[in-house]
Amino acid sequence: MPKKERKRLQVVISEEQDALLTRTAYELSSPERLISKSEVVRLAIEKIAREMGEDTHLEELRSLLDDENVSEEE
């Protein structure tokens, strides 16, 4: 059976965001299974999509994005 094709996405992130990804991957990992930063990003995407489907925390997510845009412009 051929491998499932995946789309690739390149995103520029800050050093702080990279550190958060690294720390999250480390905390989710166990001796039996190491979690990659890519897996953390995929998990976050699924979690955000679910929350949007439930209409919960949308304003909070929007405010985080607004805060993020401000910090990128500095």
Side-chain angles (χ1 to χ4, degrees):
M1 182 186 293
K3 269 190 165 180
K4 184 178 177 182
E5 280 193 40
R6 294 186 178 187
K7 294 187 181 230
R8 292 198 170 270
L9 174 67
Q10 291 185 340
V11 186
V12 176
I13 61 173
S14 69
E15 287 184 25
E16 181 181 339
Q17 290 166 327
D18 184 59
L20 287 170
L21 273 175
T22 301
R23 187 176 72 220
T24 303
Y26 178 79
E27 289 178 10
L28 289 172
S29 294
S30 67
E32 298 81 31
R33 175 136 160 48
L34 295 176
I35 304 297
S36 70
K37 290 191 282 187
S38 294
E39 289 173 296
V40 172
V41 170
R42 287 192 292 270
L43 177 65
I45 291 168
E46 288 178 24
K47 184 170 174 38
I48 290 168
R50 263 189 248 112
E51 287 185 11
M52 288 179 68
E54 298 168 1
D55 288 334
T56 58
H57 310 293
L58 288 182
E59 288 307 314
E60 182 181 334
L61 292 171
R62 286 184 184 117
S63 70
L64 285 172
L65 289 171
D66 289 341
D67 291 346
E68 189 66 31
N69 289 334
V70 168
S71 64
E72 285 178 5
E73 293 171 2
E74 293 175 353

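When hydrophobic clusters are built by joining Ile, Leu, Val, Met, Phe, Trp and Tyr residues whose side-chain heavy atoms come closer than 4.5 Å, directly or via intermediates, Val12 is not grouped with Val41. Put simply, Tyr26 and Leu20 are part of two different groups of oily side chains (I, L, V, M, F, W, Y) that touch within less than 4.5 Å, one to the next.
Counting heavy atoms from C-beta outward, Arg42 and Lys37 have side chains that stay 4.5 Å or more apart. Looking only at side-chain heavy atoms (C-beta outward), Leu21 and Ile13 come within less than 4.5 Å of each other. Within the 4.5 Å cutoff, the side chain of Leu43 has heavy atoms near those of the Leu28 side chain.
Residues passing the side-chain hydrogen bond (donor to acceptor under 3.5 Å, both in side chains) test with Arg33 are Glu39, sequence neighbours excluded.
Here the OG atom belonging to Ser29 is positioned 5.0 Å from the CD1 atom belonging to Ile35, to the nearest 0.5 angstrom.
No hydrogens or angles considered: nothing links the side chains of Ser14 and Glu16 as a donor-acceptor pair under 3.5 Å.
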